[in-house]
K.L.:
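I have a structure here, written as structure tokens, and I will follow up with some questions on it.
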Amino acid sequence: MNGSQDDAGGAVPAILVFGANGLLVDWTPAAADLPALAGRLIAGLSAEELCAHLSSGAETGLSPTGVMPEHTVLPLAGGGVVWRFHGSPSSSNSRKVAASPMSDPAGRLFAAASHDLRQPLAALSLLIGTLDGRLGGRLDGRQDRDLLRSMAQAVESMRSMVDGHFDLVRLESGLTEPDIRTHAVNGVLMRLALEVAPRFADRGLRFTVMPCSAMVRTDSALLERLLHGLVANALRGTIRGRVLLGCRTRGDRLRIELWDSGRGLSPQRLASLRAELAKPAGEGAGTLGLDLTLVRGLARKLGLGLEVCAEEGRGTVIAVVVPLSVETGADATDASGRAEAVAAPAPDSSTADISRTRILVIEDDPMVLAALEALLGQWGCSVVGAESYDMAVERIGPVPEPFDLVISDLRLKGAANGIVAIRQIAKLFDRPVPGMILTGDTDPKRLREARLSGYPLLHKPVAPLALRAAVVRLLGHDPL
């Protein structure tokens, strides 16, 4: 399995990145958790000053010379170095790592299997999009185009099943533990909209997400996965019309509601669904499908409520009830009575001109890299591909010509992950460069780190339309 990992095989290791001038420019969350460095990492800190901090922390397990055990220094091709810390920084931290679910071999197995299964699915999805573009008007009739669309939907269905099965196994095995913090719910909603809207468009359905300014107390990565399950369930049950995702405040709680115009439920089936969702843990899935079983398990893990209303022939509403942050709970945007005022159809990114755009793609899987180069090239982009940060710097050359966009996998060969790679490449051009993370990782810790980076995050396998929409937004061609 490619990518940077710590010796436990879990989250991204503790890494510090120093520029060519010897000053600290970036670090991973794991580095900030080291006992001697907690609260001391500041951009612009020199290596000498950092060593002084380290030497003062010998009682926490650091050597008196200021060097962490198993600490290595790796040079960067563009200048500067990476400090990579191995092992545990302290005895107390060792106990914490040992207790971490992802330090269990089963956790590493599920993470590796999920990531590796996604890679060929990602390549297949991108290649289908490339084939669709190349055939263009040469497709003989509607049947051929429908066939390509069915292939894309089959890949998406496979992706959904892979996600669901691995997430469910991790959940039931105790390998998924929530990280409860205060989060802006709008970030979760917008990421969800970006990823799933093309799937609705392919089926002639309208998907609307209402903005919401509420701050909630929960694990944002697990909440997003829960909402993915609800959306996937609604997508299967809605033949025509629309699906709406919006929020309402109810006291100290926020109701995240998913409305669909599907077949609805009879009173008997509604009662059965409510009973299944209310079942105690350990009683099995019953009549629930994979998506709703995962939704129920995640809701229990996070301590969230699930409520459902439905009317036969008129659709279904499922609500997730999330605690509001006490400081900002009153600021939530209530969706009631305002849906039509702020809802808007998704922009058609397929008409935006992105030809002649220079894009750097960093992807450690050769199959996915080739598929990305083919698809972006089909759209008229000039693409430079690399399997690692160091290879990217070599491809850029000593006199770099600026790129309009950098797309990177999260896991990469070498010391630098995708987040560090994008930031370092931007420094080579001495100007901001838009970046995007494209990952097959499902580990909540890794996904949380990626989202905190501020770069848009797309999950493999990504639908070509979703990728194009994200590229259009980052290039500034989409005012929304």
Side-chain angles (χ1 to χ4, degrees), residues 19-20 25-26 76-80 122-123 125-127 129-130 132-134 136 194 347-414 416-439 450 453-458 460 462-480:
V25 296
D26 209 351
L76 293 172
S125 178
L126 296 170
L127 290 172
T130 305
D132 188 12
R134 286 186 178 176
L194 179 65
D348 184 6
S349 60
S350 63
T351 61
D353 182 13
I354 60 173
S355 61
R356 298 178 299 280
T357 298
R358 279 179 51 82
I359 299 180
L360 174 64
V361 178
I362 313 176
E363 166 62 59
D364 67 348
D365 188 291
M367 181 171 51
V368 179
L369 178 58
L372 279 168
E373 289 175 329
L375 181 61
L376 293 169
Q378 176 67 34
W379 294 339
C381 303
S382 173
V383 184
V384 174
E387 295 183 0
S388 67
Y389 167 75
D390 288 339
M391 182 182 291
V393 172
E394 291 178 8
R395 295 280 176 87
I396 291 171
V399 184
E401 182 180 346
F403 286 89
D404 301 301
L405 175 64
V406 180
I407 300 176
S408 178
D409 193 358
L410 183 57
R411 304 188 189 194
L412 296 174
K413 295 177 180 178
N417 66 11
I419 299 169
V420 174
I422 295 175
R423 289 176 178 168
Q424 289 297 108
I425 287 168
K427 293 179 187 301
L428 294 179
F429 302 124
D430 200 24
R431 69 172 180 81
V433 178
M436 178 199 311
I437 300 294
L438 184 62
T439 181
S453 72
Y455 296 118
L457 177 67
L458 290 182
K460 298 176 184 174
V462 60
L465 282 178
L467 177 63
R468 187 180 178 97
V471 170
V472 168
R473 276 195 186 86
L474 286 171
L475 294 176
H477 298 324
D478 177 9
L480 295 179

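In this text, all values refer to a predicted model and were calculated from it rather than measured experimentally. Just so it is clear, the values below take in all heavy atoms, side chains as well, and ignore hydrogens, waters and symmetry mates. Along the sequence shown, the residues carry numbers beginning at 1.
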K.L.:
With rounding to the nearest 0.5 Å, note down the distance linking NZ in Lys460 to CG in Asp409.
P.N.:
3.5 Å
K.L.:
Could you list the residues that satisfy salt bridge (Lys or Arg N to Asp or Glu O under 4.0 Å) with Glu373, not counting sequence neighbours?
P.N.:
none
K.L.:
Does Ala392 have any side-chain contact (heavy atoms from CB on, under 4.5 Å) partners at least two apart in sequence or in another chain, and if so, which?
P.N.:
Leu360, Ile362, Ala386, Ile425
K.L.:
Does anything in residues 396-406 pair up under salt bridge (Lys or Arg N to Asp or Glu O under 4.0 Å), and if so which pairs, sequence neighbours excluded?
P.N.:
Arg358-Glu401
K.L.:
Which pair of heavy atoms, one from Leu126 and one from Ala371, lies closest together, and at what distance?
P.N.:
CB-CB, 3.8 Å
K.L.:
With sequence neighbours excluded, what pairs up with Arg395 under the salt bridge (Lys or Arg N to Asp or Glu O under 4.0 Å) test?
P.N.:
none
K.L.:
What distance do Leu412 atom CG and Glu387 atom CD have between them, rounded to the nearest 0.5 Å?
P.N.:
10.0 Å
K.L.:
Under a 4.5 Å cut-off applied to non-hydrogen side-chain atoms, are Thr357 and Trp379 in contact?
P.N.:
no
K.L.:
State which residues pass side-chain contact (heavy atoms from CB on, under 4.5 Å) with Ala426; sequence neighbours excluded, sorted by chain then number.
P.N.:
Val433
K.L.:
Which atom names give the shortest non-hydrogen contact between Met367 and Asp365, and what distance separates them?
P.N.:
N-OD1, 2.9 Å
K.L.:
State, yes or no, whether a side-chain contact exists between Leu475 and Pro434 at a heavy-atom distance under 4.5 Å.
P.N.:
no
K.L.:
Measure across Arg423 and Ser453 and return the closest heavy-atom pair with its distance rounded to 0.1 Å.
P.N.:
NH2-O, 3.4 Å
K.L.:
Work out which heavy atom in Pro366 is nearest to a heavy atom in Asp364; give both atom names and the distance.
P.N.:
CD-O, 3.4 Å
K.L.:
Is there a side-chain contact between Ile422 and Tyr455 in this structure, where contact means two heavy atoms from C-beta onward sitting under 4.5 Å apart?
P.N.:
yes
K.L.:
Identify, with sequence neighbours excluded, every residue that meets side-chain contact (heavy atoms from CB on, under 4.5 Å) alongside Leu458.
P.N.:
Leu194, Met436, Leu438, Val462, Leu467, Ala470
